[in-house]
Structures are given as C-alpha cells and as structure tokens.
**Q** 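Before anything else, here's the structure in question.
Both backbone and side-chain heavy atoms feed into the values below; hydrogens, waters and symmetry mates do not. Residue numbers start at 1 and run along the sequence shown. None of these values were measured; they are calculated from a predicted model.
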Amino acid sequence: MIHPSRVDLVRTRGMLARDMDMSEGTFRNKKPYTRPGFPAPVSSPGARTLLWDGGQTAAYLAGEPVPALPPRADPGMLLDRQEAAAECGVNPRTWDGYATDPAVASHRIDVHGVDHWPRTAVHAFRDSRPGRAAAPGRPRGSSNAIPRGELPARIAALLDTSPAITIAAVRDALGVAPATAQRVLAELRGERIAALLAARPHLTSDQAADQLGYPPAVRRAARNAAAAHQLKGNA
C-alpha cells in the first residue's frame, strides 16, 4: 500500500541499486533488501514488482532511524492488484476483470509501471456490486469482441456475483458464443472446486460445489474440470 502523499518517494529495484551504488545485476544477486532492518516493501507480499518507500530506504542507508509510514487503514491508501482483490474478497484474476470497468479504470494510478487504485474507489465499486443493473461486460449484439486474454477474468467477475449464472446470462452480458461461455464457466468452476478441495480435503466434489453455490446441472462439467486441474497441478 502506498499513501498518495508519498507516491513521488517510491523506489524500484533499479532505483535502489543506484542509491546503493550497485549494478542492477549485483543488486538482484545480493538482495540487500533482505538484510535485517531493511525497510519492508510497500508492495503487497508476492508482488512481481517490488516497491519501497524512498523516505524509509534513504534513512536506512544513512544509518538514521527509519520513519513510520502513514497508517495502513487510511482510506486514501493506494492499493495494488493483490490488495484491491483482497479488499473485494476475490482473487487477483477476478480483480483484473473488475479493473476494466470504467468505474474502476478511471481511478487507476500508475506507480512505476504498477497499477494502483485508491481504497475509496475500490470500496465504492465493491459496495455497488450487489444489485447492479448490469454486470461487467458488453451489451448483447455489440460488435466489439472481448480480447481472448480478458475473457476468463470477465466471466470470473460474473461468477463471483452469481455462482449459479447460466450460459445464456454470460452470453447476454459479454456477447460470447454459448460454447465459449460453457467452456470457460466449467474451467473456472473446476478451478474453484479444486482449490476448495485442496483447502478442505475432507469434502467431496459435490460438497465443494454445493458450498460454492453451483447448481446440480453444471456439476459434472465442473467436476471434470476440477479433476483435470488437479492432475495438472500434480504433474
């Protein structure tokens, strides 16, 4: 998380390497940011692009006390992809679909190549989702096809809103072919069943599907997709 007043202070790996008079290769190999006392990144755990607060790193490198950052609960904090997804109770892949919604996209802030959104905007979108008149997507009959790479995230967003969503509803919301909607829905439901079974191995596939809210009519395809996903994960 990054406080908006400190965006200009944010440092990347490359910037820190220069601050420490190292080449980027040496910095990457030595990982000086893993030393005890080095300020923690302001990027989320597991983020591909690590970011640090330059005020903190400058103090550390100067041998001075590292200043505290603004409270993480501040409503103005800027959230990266993983943090925004967590605030909405969804996975990052689903957030990718939400992020294409104009209500979210208009608030995007680029911090050294990493997308961030104000917590207030994330919460406003999250709180507006129940009962929305239209799900994320394009009207039926629109001629603008959704890029293939975006389709799973867009359908995942619909599935989050309505676990029992039908193929016809996905088709109407996104304008995709029924066969495509059926395939992606089965894959997504299968992935989620597999994830729940991994977390709760005492459950059966049907019990997992029931907990996820998937109707009986779609469970066979979802179970097959879950089995395929588990096999792939064990390969």
Side-chain angles (χ1 to χ4, degrees), residues 1-100 104-126 147 149-150 152-153 156 191-192 194-195 198-199 229 232-235:
M1 296 182 186
I2 301 170
H3 194 273
S5 67
R6 303 183 72 82
V7 169
D8 292 341
L9 295 174
V10 174
R11 311 295 283 171
T12 64
R13 283 188 178 99
M15 296 166 76
L16 276 182
R18 292 193 294 274
D19 292 344
M20 301 178 75
D21 197 24
M22 293 182 183
S23 69
E24 289 193 37
T26 300
F27 184 88
R28 187 167 49 250
N29 292 332
K30 289 191 174 182
K31 295 182 175 60
Y33 51 86
T34 62
R35 296 171 184 167
F38 198 97
V42 292
S43 46
S44 58
R48 293 180 180 178
T49 301
L50 294 180
L51 302 172
W52 290 264
D53 182 272
Q56 288 193 320
T57 57
Y60 173 83
L61 295 176
E64 300 172 355
V66 175
L69 295 177
R72 291 173 63 87
D74 189 314
M77 295 294 275
L78 303 180
L79 312 180
D80 65 17
R81 172 177 177 258
Q82 289 90 341
E83 292 162 342
E87 295 275 331
C88 289
V90 300
N91 59 50
R93 186 177 179 185
T94 297
W95 174 257
D96 292 340
Y98 294 168
T100 64
V104 176
S106 61
H107 295 281
R108 184 183 67 83
I109 297 172
D110 184 301
V111 182
H112 294 298
V114 181
D115 289 342
H116 286 73
W117 299 266
R119 176 182 271 138
T120 50
V122 172
H123 283 190
F125 178 77
R126 178 197 65 189
E150 294 181 11
E191 289 177 5
R192 295 177 183 194
H229 183 75
K232 183 178 179 181
N234 293 331

**Q** If you look at every heavy atom in Val111 and Leu51, which pair is closest and at what distance?
**A**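 Smallest interatomic distance, heavy atoms only, reads O-CD1, 4.1 Å.
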**Q** For a 4.5 angstrom cut-off between non-hydrogen side-chain atoms, does Glu191 reach Arg93?
**A** yes
**Q** Report the distance from atom CD of Glu83 to atom CG of Leu78, rounding to the nearest 0.5 Å.
**A** 9.5 Å
**Q** Can you tell me how far the CH2 atom of Trp95 sits from the OG1 atom of Thr100, to the nearest 0.5 Å?
**A** 10.0 Å
**Q** Is any side-chain heavy atom of Val42 closer than 4.5 Å to a side-chain heavy atom of Met1?
**A** no
**Q** Run the side-chain contact (heavy atoms from CB on, under 4.5 Å) test against Ala121 and tell me which residues pass, sequence neighbours left out.
**A** His107, Pro118
**Q** Surrounding CG of Asp110 (heavy atoms of other residues, nucleotides or ligands, distance under 6.0 Å), is the total greater than 12?
**A** yes
**Q** Donor-acceptor pair, Ser44 side chain versus Gln82 backbone, under 3.5 Å?
**A** no
**Q** Any side-chain heavy atom of Trp117 within less than 4.5 Å of one from Val122?
**A** yes
**Q** Look at the aromatic rings of Tyr33 and Trp52 and report parallel, tilted or perpendicular, splitting at 30° and 60°.
**A** tilted
**Q** Return the minimal non-hydrogen interatomic distance between Arg119 and Pro75, and the atom names on each side.
**A** CB-O, 3.3 Å
**Q** Between Asp19 and Arg11, does any side-chain N to carboxylate O distance fall below 4.0 Å?
**A** yes
**Q** Would you say the side-chain atoms of Thr26 and Asn29 include a donor-acceptor pair closer than 3.5 Å?
**A** no
**Q** Go through the steps for Arg81 and Asp96 under the test side chain to side chain contact (heavy atoms under 4.5 Å, CB included), then give the verdict.
**A** CA-CA 8 Å; Arg81 172 177 177 258; Asp96 292 340; 2.7 Å; yes
**Q** Using side-chain heavy atoms (C-beta onward) and a distance below 4.5 Å, is His3 in contact with Asp74?
**A**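 Yes, close enough: below the 4.5 Å cut-off.
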**Q** Check Gly76 against Pro4 and note the closest heavy-atom contact, atom names and distance.
**A** O-CD, 3.3 Å
**Q** What are the two closest heavy atoms between Phe27 and Met22, and how far apart are they?
**A**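 Closest heavy-atom pair between Phe27 and Met22: CA-SD, 3.9 Å.
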**Q** Using side-chain heavy atoms (C-beta onward) and a distance below 4.5 Å, is His116 in contact with Leu79?
**A**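 No, every pair of side-chain atoms sits at 4.5 Å or beyond.
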**Q** Quick one, Ile109 with Asp115, criterion side chain to side chain contact (heavy atoms under 4.5 Å, CB included). Give me CA distance, side-chain angles, the key distance, then yes/no.
**A** CA-CA 6 Å; Ile109 297 172; Asp115 289 342; over 6 Å; no
**Q** Salt bridge or not for Glu24 and Arg13, using N-O below 4.0 Å?
**A** no
**Q** What is the minimum heavy-atom distance between Gln56 and Leu69, and which atoms define it?
**A** NE2-CG, 3.4 Å
**Q** From Leu9 CG over to Ile2 CD1, what is the distance, rounded to the nearest 0.5 angstrom?
**A**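 Going from CG on Leu9 over to CD1 on Ile2, the span is 10.5 Å.
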**Q** In Å, rounded to the nearest 0.5 Å, how long is the span from CG of Leu61 to CG of Leu16?
**A**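 If I round to the nearest 0.5 Å, the distance is 7.0 Å.
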**Q** Okay, side chain of Glu87, backbone of His123: is any donor-acceptor separation there less than 3.5 Å?
**A**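 Not confirmed, Glu87 side chain does not pair with His123 backbone.
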**Q** Using the rule side-chain contact (heavy atoms from CB on, under 4.5 Å), only one of Pro39, Pro32, Pro67 pairs with Tyr60; which is it?
**A**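 It is Pro39; the other options fail the test.
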**Q** Write down the atom of Ala99, the atom of Val104, and the distance for their closest heavy-atom approach.
**A** CA-CG1, 3.8 Å
**Q** Can you list the residues that meet the side-chain contact (heavy atoms from CB on, under 4.5 Å) rule with Arg48, with sequence neighbours excluded?
**A**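 Arg48 satisfies side-chain contact (heavy atoms from CB on, under 4.5 Å) with no residue once adjacent residues are dropped.
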**Q** Can you find a pair of side-chain heavy atoms, one from Val66 and one from Phe38, that are under 4.5 Å apart?
**A**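 Sidechains of Phe38 and Val66: no contact.
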**Q** For Arg6, which residues count as a side chain to side chain donor-acceptor pair (under 3.5 Å) partner, sequence neighbours excluded?
**A**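 Only Asp53 meet the side chain to side chain donor-acceptor pair (under 3.5 Å) criterion with Arg6.
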